[in-house]
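Protein chains get the first letters and strands the later ones, always in sequence-line order, with residue 1 at the start of each.
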Amino acid sequence: MAASGHLRIGELSRRTEVSRELLRAWERRYGLLRPTRSEGGFRLYSPEDERRIKLMQAHLERGLSAAEAARLALAEDAEAASVDTAPPLQRGARDLRAALDALDESAAHAAIDRLLAEVSVASVLREVILPYLRALGERWAGGEVTVGQEHFASNVLRGRLLGLARGWDQGVGPRALLACPPRELHDLGLIVFGLALRGRGWRITFLGADTPLDTLAATAGSLQPDAVVLTASTPEGFASNRDAIRRLARTVPLWIAGGGATSETAQEAGAQLLDADPLGAADRLAARAPHPADARLSHRRGPLLRPP
Amino acid sequence: MAASGHLRIGELSRRTEVSRELLRAWERRYGLLRPTRSEGGFRLYSPEDERRIKLMQAHLERGLSAAEAARLALAEDAEAASVDTAPPLQRGARDLRAALDALDESAAHAAIDRLLAEVSVASVLREVILPYLRALGERWAGGEVTVGQEHFASNVLRGRLLGLARGWDQGVGPRALLACPPRELHDLGLIVFGLALRGRGWRITFLGADTPLDTLAATAGSLQPDAVVLTASTPEGFASNRDAIRRLARTVPLWIAGGGATSETAQEAGAQLLDADPLGAADRLAARAPHPADARLSHRRGPLLRPP
Amino acid sequence: MAASGHLRIGELSRRTEVSRELLRAWERRYGLLRPTRSEGGFRLYSPEDERRIKLMQAHLERGLSAAEAARLALAEDAEAASVDTAPPLQRGARDLRAALDALDESAAHAAIDRLLAEVSVASVLREVILPYLRALGERWAGGEVTVGQEHFASNVLRGRLLGLARGWDQGVGPRALLACPPRELHDLGLIVFGLALRGRGWRITFLGADTPLDTLAATAGSLQPDAVVLTASTPEGFASNRDAIRRLARTVPLWIAGGGATSETAQEAGAQLLDADPLGAADRLAARAPHPADARLSHRRGPLLRPP
DNA sequence: ATAGGTTTTGTCAAGCTTTTGTACAT
DNA sequence: ATGTACAAAAGCTTGACAAAACCTAT
């Protein structure tokens with residue numbers, strides 16, 4: 001915080017070779033600088049201010065007008081933050097959220113690109129994407145976020161997650177068939193679950209949101225997956241399809257997960273229970289261990305799961 | 001959006017060597033330029049305006065009348081502005097090469113990011129990275145490219161490929177141990193091979209360039225991989241370590257690949273031959289089929305490979 | 001308590017070349033000094049007081065106001081007094097070492113990801129990566145670690161460091177061109193150095209290991225960097241290229257660093273000396289201050305460094 | 001191409017306040 | 001040693017100004 005100290009206008013002028021008057025003019029006219037003030041009213045400039053001046057100068061050098069140079073310097077500074085000492089994951093999460101809230105798709109992609117360069121996919125999912133989705137849900141419930149923002153964010157993230165998912169059906173591992181029951185439209189958690197399972201060596205076949213259960217049964221019949229996983233965000237997602245799910249569970253190794261998956265639902269449906277959290281669910285399925293609350297059903301495990 | 005900034009008429013005139021008056025005339029007469037205006041009424045030209053002027057000048061150079069030149073420039077610009085019709089892979093390859101040649105790391109990353117957003121990792125490797133590396137080798141041999149450019153490009157690509165490789169040791173597939181023999185420094189092909197093999201479900205352990213063969217043997221002893229793969233860019237890489245490689249081949253399932261791997265080398269070393277091309281080599285190893293030219297050794301296949 | 005001798009104001013004034021009046025003013029106005037009192041009421045200053053004065057003077061030197069300088073001096077002093085190695089860092093370092101020793105890449109990535117979730121890049125480099133690399137060298141020398149382990153760890157870390165490096169060529173700061181001389185293969189320290197310099201606002205162009213000096217000269221000619229930095233792990237790296245390095249130093253602002261950089265080597269080569277430690281070297285270059293041992297060459301500083 | 005008017009941008013000045021090193025009386 | 005005083009240096013705001021750059025219209 002107090003790492004490098006704030007400068008007064010004289011020293012800043014000396015360092016940047018910009019006159020004091022001009023520094024004040026740039027602040028007044030373009031808002032380029034945002035000094036705090038000393039108790040007596042002196043301007044105190046941060047290192048960020050100094051960086052913005054450097055940017056401004058670079059643009060002026062290129063022949064831009066002062067107004068244009070300042071506009072660019074401010075814009076770049078907002079996105080660049082090239083010298084940022086925050087932990088990368090925290091910084092990435094902050095940048096992503098700001099970009100999505102502002103409906104700025106390219107900034108969102110930039111934030112994700114940088115995150116993926118700096119940390120592993122699993123960490124991005126666990127520390128950034130999932131917390132963001134959870135917070136989004138809460139903010140939506142609290143009316144802090146518009147439906148438009150929610151749709152925008154969902155679509156951007158869906159695109160990226162599916163990009164990461166490319167080729168997740170290839171290889172030699174066990175195969176999982178993933179879907180949401182009819183009327184369930186929240187598939188982001190399901191994609192995250194698929195990615196996590198993929199990271200554990202599984203092959204994924206993804207049917208996505210709002211999948212009729214007869215279609216799911218037919219697909220499972222022809223694919224012969226090692227697990228079929230249904231996720232729903234509310235218990236109704238499972239409850240309103242109880243009979244079909246129960247039938248399905250008799251013919252395929254069926255697991256349920258997501259916010260709507262409870263041990264009662266699982267028992268009623270004759271399915272095995274995974275965690276509500278996609279990453280925990282992936283761990284559990286990879287270990288072939290049903291949720292503890294689902295213990296009564298564990299005898300089904302053996303017959304249902306073929307070895308890879 | 002605000003990426004590059006708008007120019008006023010003076011700077012545009014300076015850059016294009018077209019007088020201010022003429023710029024205004026071209027705007028009035030032909031609608032060649034479409035500047036926005038500042039609050040006070042100054043013209044603000046976009047980079048597209050600058051591009052149209054360049055086109056216009058080229059046509060004038062060829063002897064066309066101003067009216068005709070402007071008409072063409074506008075038409076071409078409209079075309080260029082519409083989606084770049086080149087296939088993504090071609091365009092990406094072109095952009096990547098231009099960026100790396102110019103030592104412009106950010107542009108190179110941007111090109112790769114765009115590619116990965118549009119096509120699969122396998123396609124990028126096959127259609128962009130590998131052709132680039134091959135062409136780099138040829139251009140280097142022909143003196144068209146400096147060692148500096150080659151080093152720069154290698155390091156940028158190495159970073160990206162190792163980024164894609166993150167987590168390639170996870171899962172349940174067969175395990176491969178990858179290395180280059182002593183003094184062999186070209187590990188990019190080996191990383192590409194590892195990525196391709198990973199795409200086929202294998203787990204990868206990567207030791208990289210310039211690996212002493214005794215440590216490779218020891219590591220293989222403790223890891224018990226399903227395959228050990230050595231790559232070298234020249235036959236000497238294998239030849240100068242013939243005896244050590246031969247000893248190694250007696251205790252581990254050894255395969256050789258890369259530009260230096262020939263059927264003679266393989267036979268001498270007692271190793272199995274993979275293709276020179278990393279992707280072909282990965283296909284072949286995943287199928288556990290040695291190169292046809294290596295048929296004389298095929299009897300070794302069975303005993304050497306443990307089932308996954 | 002009084003172990004190390006307390007000073008009275010006269011002696012402290014003499015040592016620090018700060019007038020008595022000013023010392024009292026700093027105490028009164030900023031609380032910078034906290035002298036105890038003799039029985040008769042004389043101020044008795046501790047060595048900590050003296051250290052704070054030195055810090056204060058350094059900040060004043062940099063152009064900070066007295067109030068700001070005092071604030072920083074007090075803050076830094078408090079920080080230095082607090083325990084430095086926070087638990088997450090210790091645990092991360094331990095996990096990373098265990099994972100890399102076991103050739104467990106995923107565990108290594110997980111450890112690094114955990115660190116990057118909580119701690120800045122700079123801290124990870126200083127407290128984890130560099131200590132690990134140093135220990136690795138020592139353990140390798142002592143035969144406690146195999147070359148295989150060393151290769152594996154290097155490649156994992158190289159991938160991560162290059163991931164953190166993405167975009168390090170962007171911005172408006174001074175530009176540095178980084179390379180190792182021919183036959184020098186240890187580029188990890190050079191990458192860490194680049195990251196540290198990046199953290200201080202520089203732009204980096206990275207050529208990496210084993211770079212021929214003529215291509216380095218050519219690249220420097222076209223890039224016109226503000227500094228060219230060569231690192232080698234042993235003095236031979238520089239010694240065996242002495243003449244070429246000397247020629248290079250005549251045309252570019254050349255600095256040498258790394259375990260092989262000594263004041264003799266620097267003098268012979270006509271280059272300026274940076275610290276062996278990458279972070280110290282980055283600090284020094286960012287401050288444009290040649291190594292004390294390099295004082296005899298300091299007259300070269302002016303002409304060699306173009307203003308950024 | 002020129003004339004006559006406007007906008008943009010860097011600089012300056014006047015009058016007053018804050019900060020900071022030093023001096024002095026007690 | 002303490003507390004107060006003081007003055008130089010550095011800063012603040014407001015307002016104005018002029019050169020450079022640009023506009024339209026002829």
Side-chain angles (χ1 to χ4, degrees), chain A residues 6-33 35-45 53 56-57 59-61 63-71 73, chain B residues 5-15 18-25 27-29 33 35-45, chain C residues 7-10 12-13 16-33 35-45 53 56-57 59-61 63-71 73:
Chain A
H6 286 203
L7 303 176
R8 291 192 307 195
I9 200 169
E11 177 62 17
L12 185 66
S13 170
R14 219 166 296 130
R15 290 193 183 185
T16 59
E17 302 185 13
V18 175
S19 75
R20 296 146 200 250
E21 289 78 13
L22 190 47
L23 287 174
R24 287 192 278 251
W26 283 353
E27 175 186 340
R28 183 167 20 92
R29 291 178 181 153
Y30 316 117
L32 180 68
L33 304 171
T36 58
R37 298 288 182 133
S38 78
E39 224 168 279
F42 284 14
R43 289 176 173 79
L44 296 176
Y45 296 95
I53 294 174
M56 173 102 186
Q57 289 176 308
H59 292 312
L60 287 176
E61 196 83 12
L64 297 189
S65 71
E68 192 68 8
R71 201 177 58 74
Chain B
H6 287 201
L7 303 176
R8 291 192 308 196
I9 200 168
E11 177 63 17
L12 185 66
S13 169
R14 218 166 297 129
R15 290 192 184 184
V18 175
S19 76
R20 294 146 199 250
E21 291 76 15
L22 192 47
L23 287 174
R24 287 192 277 252
E27 174 185 342
R28 184 164 22 87
R29 293 183 188 139
L33 304 171
T36 58
R37 297 288 182 133
S38 79
E39 224 169 278
F42 285 14
R43 288 176 175 79
L44 296 176
Y45 296 95
Chain C
L7 303 175
R8 291 197 310 201
I9 198 166
L12 185 64
S13 170
T16 58
E17 301 185 16
V18 175
S19 74
R20 296 147 199 251
E21 290 79 9
L22 190 47
L23 287 175
R24 288 193 277 256
W26 283 354
E27 175 185 340
R28 181 167 22 91
R29 291 179 181 152
Y30 316 118
L32 181 70
L33 304 171
T36 57
R37 296 297 178 127
S38 77
E39 247 170 69
F42 286 8
R43 287 178 173 77
L44 296 177
Y45 295 96
I53 294 173
M56 172 100 186
Q57 288 176 308
H59 291 313
L60 287 175
E61 196 82 13
L64 296 190
S65 70
E68 191 70 8
R71 199 177 59 76

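Counting to the nearest Å, the P atom of D:dT8 and the CG atom of A:L64 are 16 Å from each other. Here the P atom of nucleotide D:dA23 and the CG atom of C:L23 are 14 Å apart, to the nearest Å. Atom CG of B:L12 and atom C1' of E:dA21 are 14 Å apart (whole Å). Atom CZ in A:R8 sits about 8 Å away from atom P in E:dA10, given to the nearest Å. Protein atom CZ of B:F42 is 12 Å distant from nucleotide atom P of D:dT6, rounded to whole Å. Between the CZ atom of C:R28 and the C1' atom of E:dA5 there is a distance of 11 Å, given to the nearest Å. The separation between A:R37 atom CZ and D:dT18 atom P is 13 Å, rounded to whole Å. Atom CG in C:L33 sits roughly 13 Å away from atom P in E:dA1 (whole-Å rounding).
When the nearest nucleotides of DNA chain D are assigned to A:S19 and B:E39 by heavy-atom distance, the more 5′-ward of the two goes with B:E39. Annotation: of the two residues near DNA chain D, C:M56 and A:L60, the 5′-most nearest-nucleotide partner is A:L60. Where B:E11 and A:E11 meet DNA chain E, the nucleotide closest to each residue was compared, and A:E11 sits on the side nearer the 5' end. Between B:G41 and A:G40, the one whose closest nucleotide on DNA chain E sits nearer the 5' end is A:G40.
Remark: C:R24 is in phosphate contact with E:dA1, judged by side-chain N or O atoms under 4.0 Å from OP1 or OP2. Proximity of A:S65 to the phosphate of D:dT9: a side-chain N or O atom is located under 4.0 Å from OP1 or OP2. OP1 and OP2 of E:dT13 both lie 4.0 Å or more from every side-chain N or O belonging to A:R20. When the side-chain nitrogen and oxygen atoms of A:S38 are compared with OP1 and OP2 of D:dT18, none of them lie within a distance under 4.0 Å. Distances shorter than 4.0 Å separate some side-chain N or O of C:R43 from OP1 or OP2 on E:dT2. Side-chain N/O atoms of A:W26 include none lying less than 4.0 angstrom from OP1 or OP2 on D:dT9.
The residues C:R71 and C:E68 are annotated as salt-bridged, a charged nitrogen and a carboxylate oxygen being separated by less than 4.0 angstrom.
Inter-residue side-chain proximity for B:R8 and B:R43 is flagged as unmet; no heavy-atom pair is nearer than 4.5 Å. Residues A:I9 and A:Y45 meet the side-chain proximity criterion, which asks for heavy atoms closer than 4.5 Å. Counting only heavy atoms from C-beta outward, the side chains of A:L64 and B:L7 approach each other to under 4.5 Å.
Under the 3.5 Å distance criterion, the side-chain polar atoms of A:Q57 are matched with a main-chain donor or acceptor of A:T16.
Judged by atom type and distance alone, C:R29 reaches the base of D:dG21 through a side-chain donor-acceptor pair under 3.5 Å.
Nearest to the side chain of B:I9, among E:dC22, D:dG21, D:dT19, sits E:dC22.
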